[in-house]
Amino acid sequence: MARFFITTAIDYPNSRPHIGTAFEKIGADAQARFRRMEGDQVFFLMGNDENTIKVPQKARELGLEPKPYVDEMARQFQDVWRALDISFDDFIQTSEPRHHAACQRFIQAVFDAGDIYKSVYKGHYCNGCETFKTDKEVEESGGRCPNHPNAPLVWVEEDNFFFKLSAYRDRLLDHYARNPDFIQPESRKNEIVNLVESELKDVAITRKGFEWGIKTPFDPSQTIYVWFDALLNYITAAGYGSDPDRFAQVWPADVHVIGKDITRFHCALWPAMLMSAGLPLPRRVFGHGFVYRKNEATGEIQKLSKSLGNVVDPMELIERFSSEAFRYYFLSQCPFGGDGEFSFERFAETYNSGLANNLGNLYSRILTMCLKYFGGVLDGADAVDARAWTKGADFPALMDELRSLIGAFEYSAALQRIGREVVDPANRYIQETEPFKLAKTDLAACKAVLVNLAEWLRVAAILFKPFLPRTALTFYQAFNFEESQPWTEVSYRDAAAHRPITVLRVTAPTTGGKPAPLFPKIEIGIGTG
RNA sequence: UGCGCCGUGGAGCAGCGGUUAGCUCGCCAGGCUCAUAACCUGGAGGUCGUAGGUUCGAUCCCUACCGGCGCAACCA
C-alpha cells in the first residue's frame, strides 16, 4: 500500500480563517480523499503557526497568556475545518512540546553542518511593535511604522544568527532541473528559478529578546525566527526527533499545498534547510492561486483584506447554505492552480445550477419514480443492461482522465468533465426514454430505465466522493448499494464497472413518500450582501 | 524597476498551429411533465486587446504597444 503524505500551510492564529485559507484546505482535502479512495495510506497534516511576535501582543490585548490564547484559536480553526469536512489526520500547533524539541534538534544539526554563522542584522525597529519593519512596510507608510505612526522608527543593529542560504544556490537549481515537477503549477517555477539564480541571500534565522517562541539551543538569548521554525512543522509532525521509525516511513512529504505567496519559502529556503540537515526533500510543492472578492456593488475585483472589510467568514456560508455548497463553489469555480473570485451572487448561481437544478433535482426525480411506480423495489435488476444510459461511452478512459486531472489538482476541469460526461447524459437519458410514460404502457421497460438511473446514482456517488463527501454518501445510500460493495471501499475503478444487485431497494429517507430536497434552491438576492 | 500572469459572444471561463471557435449563466422559441417553475431540443449573439511578423495556414508561435493584475523574503 502506497503512502501519501500531504500538508497545507500552517496558519497564523491572530485572526479567524477566511474563505481564502479555506480554499487551500478544501483543495488539499479533495486530494487526500481521492488518494484514500485509490488505496493510498494517507497522512494529511494541517496546523497553526504560533511562534510569531503577534501572538503575545494579541493575547495581551485580550488579557490572556499566549498559550491559552493559541489553544483557543487552534480549537476555533479546527471547528471550521471540521465543519467543512476537511479530513486532516493531524493538527500541529507550533507551540507544542513535540515541535519545540524537534526544532531545536534540527537547528543544531544545521549549526553542526556549519551553515549557521553570527552576523549583524540591521533594520528599522519600532518600539511600539517591538519588532523590525521591512523596507517595504516603512516605504509604504511614508517612513513610519504602519501600526504606530507617531512612534519614531529607530535604526537598530543586532547580532543574530544567519543561515547560509546563498551557499545552496547551485544545488537548488540543480534540484529544480532534475525534478521538473518539484514546483507546480509550471507557471510558478520560472519565478522561483529566476529568484534563486539572481538574488538568493543569507537569511537571519534568530531574533533577540523574545520570550515567546523557540530558544536557540546554542544561544538561549536568541529565539528562532518564525519562518525557520514554521517550515519545520512538516517534519516534526512526521516524527522527526521523536519517532525515527515513523519519520523514516512518512517523510518525505508527497506534496506541500501552499499559497502562491509563500512558494519561495517552500521551494528555496525549505529545501536548503533540509539539504543542510541531510534530510530528503519533499517531492512536490503546489502553489495554489488566491481567491479575490468581487465587490457586489461596484464589480471591482479586490484582494481579501481586513482593511477593505471584504473578508467572508467560512462559517457564515456553511451555516447559511452548507459545507457541500461551499466546497462545490470553490472546487468548481476557482481553478486551484490559478486565481478565483467570490461573490454572493455567483455563489448562489453556481449553487442553483450545479447543485439544486442538476444533482439535487436528478436525485429527486429518480427516487420519486422508483417509489411511485415500484414502491421503491426493483426486482430482477441484475437481468437488465444497467449501462444503457452511458451510450457506450468509454468509462475506463474517462476514469483515467479524471484521475490525471485530480492528481494535477485540476478540480474545476475534473468537475466540468464529470458534469458533461456523467450528469448531463442522465438528464438526457430520462428525456429520451421517458420512463414516466413507460410506467403507463410498459412496466418492464420502465423498470429497466430506473435500474439504469439507480446505477447512475452509484456512479455519481463514487465520482463526487472526493469533492462532495456528504452528497456522495447520500447518493450511495439512496439504494442498497452497500450490499455489493461497502462505501469505504469504492474507488474510481468501481465507477467504470457495473456491480449487479438482484433486488434494488430505495433506502433513502423520505417524508410523505417523497425524498427530501437535497439542495433547496437559493433565492437570488437573499443574503447577497 | 525586476520577474510573472491575464485580455475570447452581455457576465464568468475553456481552447494554445488546420475544429462549423467550445462550456456555464443570462436571453428568445419550441418540447416534456417523473422532478426543487426543474429537465430536454433548437436559436440569436464573437473580425478571439491593438499593430506588425513567422507559416501553405494563427485565437493558438514571435516582436512591439495598449489595458488590467500579481509577486518582490511575515497581510493565505
Side-chain angles (χ1 to χ4, degrees), chain A residues 8-12 14-15 17-25 49 52-54 131-137 146 165 187-195 197-201 203-204 225-227 230 258-265 268-269 287-292 294 299 301 303-307 311 332-335 338-341 343 345-346 349-350 352-373 412-413 416 419-420 424 426-432 434-439 446 449-450 453 514-521:
Chain A
T8 61
I10 52 177
D11 297 302
Y12 288 126
N14 14 306
S15 57
H18 56 72
I19 54 174
T21 44
F23 178 55
E24 171 175 300
K25 314 310 175 197
D49 186 3
T52 86
I53 43 119
K54 287 191 178 138
T131 181
F132 285 98
K133 297 281 140 185
T134 63
D135 291 346
K136 187 186 170 193
E137 282 177 299
L165 179 56
S187 57
R188 310 237 185 275
K189 191 171 151 186
N190 304 332
E191 239 171 295
I192 296 298
V193 169
N194 206 289
L195 172 88
E197 267 175 352
S198 62
E199 48 174 319
L200 200 64
K201 289 182 246 166
V203 286
Y225 175 63
V226 62
W227 261 110
I258 55 159
K260 64 179 182 180
D261 56 328
I262 54 174
T263 43
R264 54 185 50 218
F265 294 106
L269 176 60
H288 68 251
F290 278 1
V291 175
Y292 295 87
K294 183 168 186 174
I301 307 295
K303 236 179 130 160
L304 292 174
S305 93
K306 268 167 268 176
S307 49
V311 291
S332 70
Q333 301 301 303
C334 307
D339 294 332
E341 67 180 52
S343 73
E345 194 184 345
R346 208 171 138 189
E349 279 171 12
T350 302
N352 282 342
S353 71
L355 296 179
N357 295 349
N358 271 307
L359 285 185
N361 185 237
L362 208 34
Y363 169 87
S364 169
R365 59 198 305 211
I366 291 170
L367 292 183
T368 304
M369 285 192 280
C370 289
L371 292 164
K372 216 168 181 173
Y373 308 143
S412 58
Q416 196 172 35
R420 207 175 304 174
D424 293 347
N427 271 321
R428 240 176 271 138
Y429 177 71
I430 297 176
Q431 191 58 39
E432 284 162 13
E434 301 185 309
F436 38 86
K437 281 186 184 165
L438 292 175
C446 178
V449 168
L450 293 180
L453 292 172
K514 298 189 75 175
L518 242 44
F519 301 106
K521 260 190 136 164

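The chains referred to below are lettered A, B, ... by the order of the sequence lines, with proteins before strands, and numbering in each begins at 1.
Taking for each of A:Ile262 and A:Leu165 the nucleotide of RNA chain B with the nearest heavy atom, the 5'-most of the two is the partner of A:Leu165.
In this structure, A:Phe519 atom CZ and B:A37 atom C1' are separated by 20 Å, rounded to whole Å. The interatomic distance linking A:Glu434 (CD) with B:U33 (C1') rounds to 10 Å, in whole Å. Computed from coordinates, the A:Lys521 NZ to B:A37 P distance equals 7 Å when rounded to whole Å. For the pair A:Met369 CE and B:C32 P, the computed distance is 17 Å after rounding to whole Å. Here B:C75 presents its P atom at 11 Å from NE2 of A:His18, a figure rounded to the nearest Å. Taking atom CG on A:Leu269 and atom C1' on B:A72, their separation rounds to 16 Å, with Å as the unit. The distance between atom CZ of A:Arg420 and atom P of B:C13, rounded to the nearest whole Å, is 16 Å. Atom-to-atom, CG of A:Asp49 to C1' of B:C75 comes out at 13 Å; the value is rounded to the nearest Å.
Residues satisfying the ring-ring contact (aromatic ring centres under 6.0 Å, His included) criterion with A:Phe265, sequence neighbours excluded, are A:Trp227. Contacts of A:Gln416 classified as side-chain contact (heavy atoms from CB on, under 4.5 Å), with partners at least two apart in sequence or in another chain: A:Arg420. Looking at residues two or more places apart in sequence or on another chain, you find a side-chain hydrogen bond (donor to acceptor under 3.5 Å, both in side chains) between A:Arg365 and A:Asn427. For A:Thr350, the side-chain contact (heavy atoms from CB on, under 4.5 Å) criterion is met by A:Tyr328, A:Tyr329, A:Ser332, A:Gln333, A:Arg346, not counting sequence neighbours. The side-chain contact (heavy atoms from CB on, under 4.5 Å) search around A:Leu371 returns A:Val506, A:Thr510, A:Pro515, not counting sequence neighbours. Residues satisfying the ring-ring contact (aromatic ring centres under 6.0 Å, His included) criterion with A:Tyr363, sequence neighbours excluded, are A:Phe475. Judged as a side-chain contact (heavy atoms from CB on, under 4.5 Å), and not counting sequence neighbours, A:Lys514 has no contacts. Listed by chain and number, the residues in a side-chain hydrogen bond (donor to acceptor under 3.5 Å, both in side chains) with A:Glu432 are A:Lys391 (sequence neighbours excluded).
On the C1' atoms, B:G15 is 15 Å away from B:G9, given to the nearest whole Å.
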Test side chain to side chain contact (heavy atoms under 4.5 Å, CB included) on A:Phe290 and A:Asp261 and set out the steps. CA-CA 9 Å; A:Phe290 278 1; A:Asp261 56 328; 3.4 Å; yes
When you look at A:Phe23 and A:Lys25, which way does the side chain to side chain contact (heavy atoms under 4.5 Å, CB included) test go after all the steps? CA-CA 6 Å; A:Phe23 178 55; A:Lys25 314 310 175 197; over 6 Å; no
Let's go through A:Glu434 and A:Val449 carefully: what are the C-alpha distance in whole Å and the side-chain angles of both, what is the deciding distance for side chain to side chain contact (heavy atoms under 4.5 Å, CB included) to 0.1 Å, and is it a yes or a no? CA-CA 9 Å; A:Glu434 301 185 309; A:Val449 168; over 6 Å; no
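The side chain of A:Tyr225 contributes an N or O atom lying less than 4.0 Å from OP1 or OP2 of B:C74.
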RNA chain B in dot-bracket, Watson-Crick or G-U pairs under 3.5 Å, [ ] crossing, | other strand? (((((((..((((....[...)))).(((((.......))))).....(((((..]....))))))))))))....
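Residue A:Ser364 places its side chain closer to B:U36 than to any other of B:U36, B:C34, B:A76. The side chain of A:Leu200 lies closest to B:A73 when the candidates are B:A76, B:A73, B:U36. For A:Asn194, the side-chain atoms get nearest to B:C3 when compared with the rest of B:C34, B:A76, B:C3. Nearest nucleotide to the A:Lys201 side chain, out of B:U36, B:C74, B:A73: B:A73.
One distance of note links CG of A:Leu367 with CG of A:Leu450; it measures 10.0 Å at 0.5 Å rounding.
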So which protein nitrogen or oxygen atoms get under 3.5 Å of nucleotides 39-41 of chain B's nitrogens or oxygens?
{"from": "B:C39", "atom 1": "O2'", "to": "A:Arg365", "atom 2": "NH1", "distance (Å)": "3.2"}
{"from": "B:U41", "atom 1": "OP1", "to": "A:Arg428", "atom 2": "NE", "distance (Å)": "3.2"}

Short N/O separations, protein against nucleotides 68-71 of chain B, under 3.5 angstrom:
{"from": "B:G70", "atom 1": "O2'", "to": "A:Lys260", "atom 2": "NZ", "distance (Å)": "3.4"}
{"from": "B:C71", "atom 1": "OP1", "to": "A:Lys303", "atom 2": "NZ", "distance (Å)": "2.4"}

Please list, for nucleotides 7-12 of chain B, all pairs of protein and nucleotide N/O atoms separated by less than 3.5 Å.
{"from": "B:G12", "atom 1": "O2'", "to": "A:Arg346", "atom 2": "NH1", "distance (Å)": "3.2"}
{"from": "B:G12", "atom 1": "O2'", "to": "A:Arg346", "atom 2": "NH2", "distance (Å)": "3.0"}

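Within 4.0 Å (heavy atoms only), A:Ala356 reaches at least one base atom of the nucleic acid. Backbone-only engagement by A:Lys514 is indicated by non-hydrogen atom pairs under 4.0 Å involving sugar-phosphate atoms exclusively. Contacts of A:Tyr373 with the nucleic acid, taken as non-hydrogen atoms under 4.0 Å apart, involve only primed sugar atoms and P, OP1 or OP2.
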